[in-house]
Amino acid sequence: MTLGRQGSDAGKSPKAYLCARKPRKRMILRQEIAPLLKNPPVGTTVTVMGWVRAWRGNRFMVLNDGSGPETLQVVVDADQFPEEIIRSIGFHACVGATGTLAESQGSGQTVELIASSIQIFGKADLSKYPLQAKAQSMEFLRENAQFRMRTNTFSAVFRIRHAVAYAINKYFHDRGFYYLHTPIITGNDAEGAGEMFRVTTLDPINPPLDEAGKVDYREDFFGKATNLTVSGQLQAEIGALALGKVYTFGPTFRAENSNTSRHLAEFWMIEPEIAFADIENDMDLAEDFVKYLINFCLDNYLPDLEFLDERIQQAEKNLKAELRRPMGLIEMLRFVVQGDFERITYTEAVELILASTPYKKKKFQFPVAWGSDLQAEHERWLVEQHFKKPVIVRNYPKDIKAFYMRLNDDGKTVAAMDILFPYIGEVIGGSQREEREEVLRARMQEMGVHEEELAWYLQLRTFGGAPHAGFGLGFERIVLFITGMGNIRDVIPFPRAPKTADF
RNA sequence: GCCUCAGUAGCUCAGUCGGUUAGAGCGGCGGACUGUUAAUCCGUAGGUCGAAGGUUCGAGCCCUUCCUGAGGCGCCA
């Protein structure tokens with residue numbers, strides 16, 4: 001039995017993963033299909049276990065066990081097995097098969113398993129089972145999330161999701177960062193990143209009231225009003241100003257009524273925070289980091305990416321040429337990691353948009369002016385039409401950015417940066433943090449952030465402060481980009497969004 | 001939260017100008033076949049047309065409200 005496959009663990013002896021004791025008699029022993037097919041031991045007896053992807057001609061059973069996108073065709077001589085066994089084989093039934101691995105007589109695969117014994121683990125009654133052996137809509141599969149990982153598309157998506165998560169931890173670990181767990185329940189109401197979910201144990205029908213007749217949170221579990229976190233950044237800064245380089249990687253919650261294919265109410269976010277760093281260091285780290293994640297998937301999960309690439313091309317075959325993606329998935333991923341991201345200032349971005357053809361032809365719906373935020377249509381023009389590659393925009397007007405971002409010498413802009421990707425828009429938002437106590441205090445006042453709530457945050461500047469910077473990467477957004485999926489709800493196993501909390 | 005589109009069989013969809021008994025492909029079920037590649041062939045069952053209300057002699061189709069989904073926008077990662 002082997003764990004791990006194309007990753008850095010591949011090639012190690014399978015024994016390394018088993019405990020030292022000898023296999024017991026009743027222990028289930030199987031070989032996983034993806035590693036088996038890398039170097040197929042033709043002529044030997046093997047046992048595989050998985051779910052039936054296709055059952056053709058009462059003779060050919062195609063198995064997949066999730067170890068990769070690869071399938072193994074099992075040849076079943078119906079006369080050699082009881083009818084009950086044969087009748088139990090069907091789409092997405094769970095089956096084990098033992099037999100001899102042989103060169104395939106057919107043309108769709110190189111090897112196949114000639115079954116000598118078959119074990120039915122779980123039948124799937126096709127008159128009731130919702131999925132079919134054909135292309136199904138993403139929406140339908142989302143409603144049947146208990147089964148969707150058995151499909152080619154979603155098993156590939158979730159293997160890639162794993163790969164990205166692993167690569168994140170590996171990247172930071174290899175570079176001396178420490179993984180910091182910031183709180184999921186927070187008493188800060190000043191994180192400044194949108195609407196929050198209230199966490200309470202008070203009776204919602206009959207809550208305790210204070211003298212003013214308002215809900216008395218002094219009687220709540222934590223003795224104060226608490227919420228689910230919208231960001232671990234402020235706490236990560238504590239870590240950076242002690243451990244030097246830290247990152248967080250955990251769930252984040254935003255109670256915004258966002259109905260788009262790029263937003264979730266519960267998503268995972270990576271927030272590195274580094275001491276002794278300015279906005280330039282921050283951009284260098286962010287660019288190197290996302291390129292690493294993409295390269296890791298290209299190097300270790302290419303079969304899954306190839307499947308997803310093929311799937312997108314099939315889906316877009318019937319679209320008009322101008323609606324199709326200009327590049328295939330893998331082609332685009334290679335393109336992104338090969339070149340430098342374009343780096344421009346907000347001011348330059350505004351100038352470029354004002355000089356653009358769509359602006360002159362009044363194709364943009366929203367006005368463009370220095371001081372207002374770039375609209376999605378402007379960002380898309382910059383990334384997809386003008387530069388045709390990822391773009392980092394930095395030095396935004398201070399009035400449209402958060403209080404903790406470092407004020408530039410011009411007094412008008414802050415050292416903030418957004419990385420914009422084709423198709424998915426903003427994938428990273430970051431900044432150099434304001435380390436000058438008096439400037440920070442003034443900014444908090446300006447933005448209406450109460451000092452007393454963030455006294456500890458200000459103290460990081462009073463005592464042993466340092467220039468520092470960091471950014472937030474939306475985990476599902478980068479998975480969305482790497483898999484080429486169209487909706488962020490399809491790259492998280494159990495999506496949470498407005499009116500959506502099934503499973 | 002806003003705009004647009006959609007909701008008809010298990011799935012994907014067609015349904016003309018409001019008119020008799022609502023259709024197809026796939027899937028299911030029954031059978032045939034057995035070196036297939038989403039196998040193929042024959043047969044067959046399956047619908048409260050998203051919900052409620054309204055207009056009309058008559059509504060899948062028109063009107064109102066609501067629910068759900070998709071795409072776009074805003075908020076952001």
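Any value given below was found using the heavy atoms of this structure, including those in side chains, with hydrogens, waters and symmetry copies removed. Residue numbers begin at 1 in each chain, while the letters A, B, ... track the order of the sequences.
- To the nearest 0.5 Å, atoms CD (A/Glu379) and CD1 (A/Ile353) are separated by 8.0 Å.
- When heavy atoms are screened at a 4.0 angstrom cut-off, A/Ala54 is found touching the sugar-phosphate backbone but no base atom.
- Atom name C1', nucleotides B/rU55 and B/rU68: the rounded distance is 26 Å, in whole Å.
- Within the nucleic acid shown, A/Asn259 comes within 4.0 Å of at least one base atom, counting heavy atoms only.
- Put simply, the side chain of A/Gln365 and the base of B/rG72 share no donor and acceptor less than 3.5 Å apart.
- Using a 4.0 Å heavy-atom cutoff across all strands shown, A/Arg87 reaches sugar-phosphate atoms only and no base atom.
- Relative to the ring axis of A/Phe341, A/Lys291 places its NZ or CZ within 45° and under 6.0 Å from the centre.
- A/Gly472 comes within contact range of the sugar-phosphate backbone alone, with a heavy-atom separation under 4.0 Å but no base atom that close.
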With 3.5 Å as the limit, what N/O pairs link the protein to nucleotides 9-15 of chain B?
{"unit_1": "B/rG10", "atom_1": "N2", "unit_2": "A/Gln132", "atom_2": "OE1", "d": "3.4"}
{"unit_1": "B/rG10", "atom_1": "N2", "unit_2": "A/Gln132", "atom_2": "NE2", "d": "2.5"}
{"unit_1": "B/rG10", "atom_1": "N3", "unit_2": "A/Gln132", "atom_2": "NE2", "d": "3.3"}
{"unit_1": "B/rC11", "atom_1": "O2'", "unit_2": "A/Gln136", "atom_2": "NE2", "d": "3.2"}
{"unit_1": "B/rC11", "atom_1": "O2", "unit_2": "A/Lys134", "atom_2": "NZ", "d": "3.0"}
{"unit_1": "B/rU12", "atom_1": "OP1", "unit_2": "A/Ser137", "atom_2": "OG", "d": "2.8"}

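- Taking the P atoms as reference points, B/rG43 lies 38 Å from B/rA52, given to the whole Å.
- Taking the C1' atoms as reference points, B/rG50 lies 11 Å from B/rA6, given to the whole Å.
- Residue A/Thr252 is out of contact with every strand shown, counting any heavy-atom pair closer than 4.0 Å.
- Of the residues in residues 372-390 of chain A, those with a non-hydrogen atom less than 4.0 angstrom from any atom of RNA chain B are A/Gln375, A/Ala376.
- Within the 4.0 angstrom heavy-atom criterion, no nucleotide atom of any strand lies near A/Lys128.
- The CG atom of A/Asn487 sits 10.0 Å away from atom CE of A/Met138, with the distance rounded to the nearest 0.5 Å.
- The nucleotide whose nearest atom lies closest to any side-chain atom of A/Leu126 is, among B/rG28, B/rG69, B/rG35, B/rG28.
- Following rounding to the nearest Å, A/Arg489 (CZ) and B/rU68 (P) show an atom-to-atom distance of 12 Å.
- Closest approach of A/Tyr404 and A/Leu440 over heavy atoms only: CA-CD1, 4.1 Å.
- Residues A/Glu476 and A/Arg161 are paired through a salt bridge, judged by an N-O separation under 4.0 Å between the basic side chain and the carboxylate.
- Atom CD of A/Gln432 and atom CD of A/Glu280 lie 9.5 Å apart (nearest 0.5 Å).
- OP1 or OP2 of B/rA39 has at least one side-chain nitrogen or oxygen of A/Arg56 nearer than 4.0 Å.
- Using a 4.0 Å heavy-atom distance criterion, A/Ser127 is classed as a sugar-phosphate-only contact.
- At a cut-off of 3.5 angstrom, counting only N and O atoms as typed in the model, there is no donor on one side facing an acceptor on the other between the side-chain of A/Glu112 and the base of B/rU37.
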Secondary structure string for RNA chain B (Watson-Crick or G-U under 3.5 angstrom, | for other-strand pairs): (((((((..((((.....[...)))).(((((.......))))).....(((((..]....))))))))))))....
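- Of the candidate nucleotides B/rC75, B/rG72, B/rA70, B/rG72 has the atom lying nearest to any side-chain atom of A/Ser261.
- You'll find that the side chain of A/Leu264 is closest to B/rA77, out of B/rG74, B/rC29, B/rA77.
- For A/Arg142, the side-chain atoms get nearest to B/rG69 when compared with the rest of B/rC33, B/rG69, B/rC75.
- In this model, the phosphate group of B/rG71 is not approached by any side-chain N or O of A/Arg262 to a distance below 4.0 Å at OP1 or OP2.
- Of all non-hydrogen atoms in A/Gly90 and A/Val52, the two that sit nearest each other are O-CB, 3.1 Å.
- For B/rA77, its base sits under 3.5 Å from the side chain of A/Arg254 at one donor and acceptor pair at least.
- Comment: A/Asp278 does not engage A/Arg406 in a salt bridge, judged by the lack of any side-chain N to carboxylate O separation of less than 4.0 angstrom.
- Heavy atoms only, all atoms of each residue included: A/Leu480 and A/Ser261 are closest at CD2-O, 4.1 Å.
- Between A/Arg59 and the phosphate of B/rC33, there is no side-chain N or O to OP1/OP2 separation shorter than 4.0 Å.
- Using C1' as the reference atom, B/rG18 and B/rG28 are 35 Å apart when rounded to the nearest Å.
- Between B/rU40 and B/rG35, the distance separating the two P atoms is 16 Å to the nearest Å.
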